[in-house]
Amino acid sequence: EPWRGRDSIVKKWMQRTDEQGSWEFEYEIVAAEGDLGVMEGVTTYLEPADGVYKNIWFIRLDADGRCREFKEFWILKPEKGA
């Protein structure tokens with residue numbers, strides 16, 4: 001179920017925080033057109049070693065440059081040779 005409204009979104013995000021230093025994140029902006037941006041990223045969890053995840057974010061901005069829509073898709077990156 002989507003999170004709706006700024007207060008609800010902030011509350012849900014803060015409930016899902018990872019400890020600082022327990023992960024690394026790399027990203028690249030792959031597209032930007034009008035109010036839509038697309039980012040591809042890789043999240044590596046270090047402590048505990050919980051895997052490497054591929055991420056795609058779709059971010060749509062309002063006229064003030066604030067996020068009005070955010071969609072995130074992620075998948076556990078397969079082990080080498082898998």
Side-chain angles (χ1 to χ4, degrees):
E1 193 65 27
W3 302 342
R4 299 191 190 281
R6 179 173 168 67
D7 292 340
S8 175
I9 292 168
V10 169
K11 180 181 175 183
K12 297 284 188 173
W13 269 84
M14 296 309 293
Q15 290 172 347
R16 291 185 163 194
T17 60
D18 295 314
E19 290 298 318
Q20 202 67 335
S22 67
W23 51 272
E24 294 176 347
F25 183 70
E26 298 176 37
Y27 70 94
E28 175 182 3
I29 297 170
V30 294
E33 179 72 30
D35 65 349
L36 178 66
V38 181
M39 185 275 323
E40 180 179 15
V42 175
T43 306
T44 304
Y45 287 95
L46 308 170
E47 296 293 329
D50 220 10
V52 178
Y53 292 82
K54 299 280 284 183
N55 311 276
I56 296 286
W57 293 358
F58 295 88
I59 304 164
R60 195 169 299 274
L61 304 176
D62 67 14
D64 295 326
R66 297 176 86 176
C67 182
R68 69 177 175 89
E69 184 179 358
F70 175 83
K71 294 180 183 177
E72 176 184 23
F73 300 90
W74 53 266
I75 186 169
L76 183 61
K77 188 175 175 183
E79 301 274 334
K80 287 185 179 181

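By convention here, the first residue in the shown sequence is residue 1.
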Tyr27 with Leu76, same ILVMFWY side-chain cluster at under 4.5 Å: yes
Non-hydrogen atoms of Ser8 and Trp3 that approach each other most closely: OG-CB, 4.4 Å
Euclidean distance, Glu26 CD relative to Thr43 OG1, rounded to 0.5 Å: 9.5 Å
Can you tell me how far OH of Tyr53 sits from OG1 of Thr44, rounded to the nearest 0.5 angstrom? 11.0 Å
Out of curiosity, does Val30 fall in the hydrophobic cluster containing Phe58 (side-chain heavy atoms, cut-off under 4.5 Å, transitive links)? yes
Quick one: pull up CD in Glu72 and CE in Met39 and give me the separation to the nearest 0.5 Å. 7.5 Å
Heavy-atom check, side chain of Asn55 versus side chain of Phe25, under 4.5 Å: yes
Would you find more than 12 non-hydrogen atoms of other residues, nucleotides or ligands less than 6.0 Å from Gln15 atom CD? yes
Between Trp23 and Trp13, is there shared hydrophobic-cluster membership here, with clusters defined by ILVMFWY side-chain heavy atoms closer than 4.5 Å? yes
Flag, side chain of Asp62 to backbone of Asp64, donor-acceptor distance under 3.5 Å: yes
Does one hydrophobic cluster hold both Val38 and Trp74, with members joined at side-chain heavy-atom distances below 4.5 Å? no
With rounding to the nearest 0.5 Å, note down the distance linking OH in Tyr45 to CG in Asp18. 4.0 Å
Compare all side-chain heavy atoms of Lys71 with those of Arg60 and state whether any distance is below 4.5 angstrom. no
Does atom CG of Leu36 have more than 12 heavy-atom neighbours from other groups under 6.0 Å away? yes
Could you report the tightest heavy-atom contact between Leu61 and Ile59, atom names first, then the distance? CD2-CG2, 3.9 Å
